[in-house]
Amino acid sequence: MSSSRLGLRLAACLLNISEARRKNIVENIAKAALLEKNGQTHPEVSVLNIFSDRDYNRSVITIAASVDDLGNSVLAACLEAFQSINMELQEGVHPCLGAVDLIPIYPLSGVSVEECGAVARSLAESLLLHVPGCSLFLFGEADLPEKRTLVQRRKQLGWFTRRDFSTLEPDLGAAPARRCGLTGA
């Protein structure tokens, strides 16, 4: 029986962070996604995978949950990442713009891509409230009304050429602070 027949509305985030060399930092970010505000483990949130590339100094943490719970879990992981990763010190061969580089949200079961875009946009707005110096660009369903793809946004931002962060123009927030960088949601 499929999860959609059971009424489960599941989505996933492939949280891209600019850290892979300090395993404890990556693990703490993943653990933050699993905890509720009271510090107890959230029973309906899972970290499915952590992929880290030391040369790139980048990790992708796959977080899955109901679409209603995913935003808060990813927000907790992002807050931990922004506290732990300083882009002024970050080195790696992968071009990255932010401590939290990308926050793509994908439907798994019973959820539309438009709903995932709404979660990503809400998450971006929450980050602005909680992280001083946070700046974001939007892509896909979160980028209304244009819905520009990640490839289009990367080209517009000069993603593959390390740039002076102060010249980047975010969709949300002020010019990127060097410590946080620019995050895509």
Side-chain angles (χ1 to χ4, degrees), residues 11-35 39 41-42 45-65 69-106 108 116 119-120 123-124 126-128 130-140 142 149-166 168 170 172-173 176-185:
C13 174
L14 275 66
L15 181 64
N16 289 240
I17 59 169
S18 296
E19 180 59 63
R21 296 176 184 159
R22 297 178 295 167
K23 184 178 178 181
N24 63 318
I25 299 288
V26 176
E27 288 176 350
N28 285 341
I29 293 166
K31 287 176 188 172
L34 297 173
L35 299 178
T41 302
H42 196 298
V45 176
S46 296
V47 171
L48 301 178
N49 188 47
I50 300 173
F51 174 80
S52 297
D53 187 305
R54 291 182 57 80
D55 292 331
Y56 276 27
N57 200 13
R58 180 184 181 97
S59 296
V60 178
I61 302 169
T62 305
I63 304 163
D69 294 327
L70 187 62
N72 287 333
S73 293
V74 173
L75 176 62
C78 289
L79 294 176
E80 181 67 29
F82 279 118
Q83 182 178 353
S84 304
I85 301 168
N86 182 345
M87 288 303 291
E88 293 177 299
L89 306 174
Q90 204 276 353
E91 293 179 354
V93 296
H94 189 278
C96 57
L97 294 178
V100 174
D101 215 28
L102 294 172
I103 311 171
I105 308 288
Y106 297 99
L108 295 179
C116 290
V119 170
L123 182 55
S126 292
L127 285 170
L128 286 178
H130 292 90
V131 181
C134 183
S135 303
L136 297 108
F137 72 92
L138 303 173
F139 65 93
T149 67
L150 179 57
V151 171
Q152 289 172 309
R153 297 312 317 269
R154 282 178 164 170
K155 286 179 183 178
Q156 290 169 344
L157 295 165
W159 187 285
F160 294 103
T161 57
R162 295 234 181 198
R163 295 176 50 178
D164 176 8
F165 282 22
S166 65
L168 296 173
L172 300 172
R178 181 69 187 136
R179 178 175 168 65
C180 296
L182 182 67
T183 298

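Here the structure is a predicted model, which means the values were calculated and not measured.
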Between the main-chain N or O of Val47 and the side-chain N or O of Asn49, is there a donor-acceptor pair closer than 3.5 Å?
no
Just by modelled atom types, is the Arg21 backbone N or O under 3.5 Å from a matching donor or acceptor in the Asn57 side chain?
yes
Does some side-chain heavy atom of Leu15 sit less than 4.5 Å from a side-chain heavy atom of Cys78?
yes
Would you say the side chain of Pro104 lies within less than 4.5 Å of the side chain of Phe139, judging by non-hydrogen atoms?
yes
Can you confirm whether Leu136 sits close enough to Pro170 that some side-chain heavy atom of one is under 4.5 Å from a side-chain heavy atom of the other?
no
So does Lys155 get a backbone contact from the side chain of Gln152, meaning a donor-acceptor N/O pair under 3.5 Å?
no
Can you find a pair of side-chain heavy atoms, one from Arg153 and one from Gln156, that are under 4.5 Å apart?
yes
Counting C-beta onward and ignoring hydrogens, is there a side-chain heavy-atom pair between Leu123 and Ile103 closer than 4.5 Å?
yes
With a 4.5 Å cut-off on side-chain heavy atoms, are Arg58 and Asp101 touching?
yes
Scan Leu150, Thr183, Val60 and name whichever one has a side chain to side chain contact (heavy atoms under 4.5 Å, CB included) with Leu102.
Leu150
Quick one: are Cys134 and Phe82 in side-chain contact, heavy atoms under 4.5 Å?
yes
So, does Gln83 use its side chain to make a donor-acceptor pair with the main chain of Glu80 at under 3.5 Å?
no
